[in-house]
Amino acid sequence: MIEIQKPPEAIGTTTTTAAATTMATTVNPSAKRALLILNCILLGLGNCGGPLAMRLYFIHGGNRVWLSAFLETAGWPFILIVLIILFFIRRRGTFTTHSGTTIVHMRPRVFFAAVVIGLLTGLDDYLYACGVARLPVSTTSLIIASQLGFTALFAFLLVKQKFTPYSINAVMLLTVGAAVLALHTSSDRPNGESKAEYYKGFFLTVAAAALYGLVLPMVELTYKKAKQAITYTLVLEIQMVMCLFATVFCTIGMIINNDFKVIPREARNYSLGKTEFYIVLCVNAILWQCFFLGAIGVVFCASSMLSGIIIAVLLPVTEALAVVFYKEPFKVEKGVSLVLSLWGFTSYFYGEYRSTKRTKNKTRTFGDQSIELREINSSSI
Ligand SMILES: Nc1ncnc2[nH]cnc12
């Protein structure tokens, strides 16, 4: 599975689909599909569980925003362990047939891109944690649905993502869905929170959506402009460097804000108990690592647009879980927003279904082998 690679000649193709298709020509399609499914599962786990775990920290007495942001990427040593294991597997020659003993695949160009994206991710984590600290999870999730609009915009600008009327319709509906919430906030404010704090949370979450909407196409651009073969091992290295630098960014925030000193006191006063406090922190780190690994893995297997779509598709699940587990209010405006989101997703998938069907018919006509390849592209999801 780790052999999957995008050859350097794939880099610089004009559309995401083209790049992904070229990438696929060198790989076993079923391995590629398995990797895409694995990354979708990781992304799904992180996307649904991460916000709930983060909110769990806040609603039982935690209030360190920088600590929460730090936990989003602090699981990076896990990736290091995976990379070390893969290195030994490669060296034994049981898994791959080439580049077996290379310890680090990443070249300086990709490293610097990963550092920049990592620092932006650190800032994004802080903005996101500011929102989760102030808003119900269901509200945060609905606002984050607007991220797809930003991803689409930046994917168009950075990687020349192509659009259909259906995907444009989806982006518009998801964005309007988030905007509907902005008009009716009074019933949603948690007890004891001022209007100003609520609005601050609201706009910082929009800023997080915009920034992460930029980060995903930047990852895709990095793959395209890497001037080296993109293997999944390299994707893991990029993930590790990004998370490392995001964590460094948030550690500085924690130091300035005295978070490290406050942690033991917060643990003592945490309403679920001290051990549970640390368990909640660890669960946060694990779930968010799944989120980020899944997100950039899907970019590798398909496109930043598909990654954005999966994030948006799963947001209603997070909302439902928050309403069930945290008894968050679910008033009319959230219902309207949810319906618009579901309509948006349906529109997007219908458009993808149509274009896949058309492409398949065309390929069949030409007797082209590439039919298999398209199946692992974003269109098939
Ligand atoms: N830091 C973040 N974590 C999870 N989802 C996000 N969406 C935008 N920013 C995010």
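Atoms within a ligand are numbered from 1 in the order they appear, just like the ligands themselves. Positions are given from 1 along the sequence.
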| task | Provide, to 0.1 Å, the distance between atom 8 (C) of ligand 1 and the closest protein heavy atom, together with that atom's residue and name. | result | Q147 OE1, 2.9 Å
| query | Which is closest to atom 9 (N) of ligand 1 in terms of heavy atoms, D124, V132, T73? | reply | D124
| message | Ring of F300, cation from K32 - is the NZ or CZ under 6.0 Å from the centre and inside 45° of the axis? | response | yes
| Would you find a donor on one side and an acceptor on the other, under 3.5 Å apart, between the side chain of Y212 and the backbone of Y128? | no
| In terms of residue, atom name and distance, what is the protein heavy atom nearest to atom 3 (N) of ligand 1? | E72 OE1, 2.7 Å
| In the protein, which heavy atom is nearest to atom 4 (C) of ligand 1, and how far is it? | W288 CZ3, 3.2 Å
| Pairwise side-chain contact, L272 with F277, heavy-atom cut-off 4.5 Å (strictly under) | no
| request: For the pair S304 (side chain) and E220 (backbone), establish whether a donor and an acceptor sit closer than 3.5 Å, ignoring hydrogens and angles. | output: no
| Is it true that a side-chain atom of R134 and a backbone atom of C130 form a donor plus acceptor pair closer than 3.5 Å? | yes
| task | Check whether any N or O atom of D125, backbone or side chain, sits under 3.5 Å from an N or O atom of ligand 1, and answer yes or no. | result | yes
| message | At less than 4.0 angstrom from any non-hydrogen atom of F291, what atoms of ligand 1 do you find? | response | 4 (C), 5 (N)
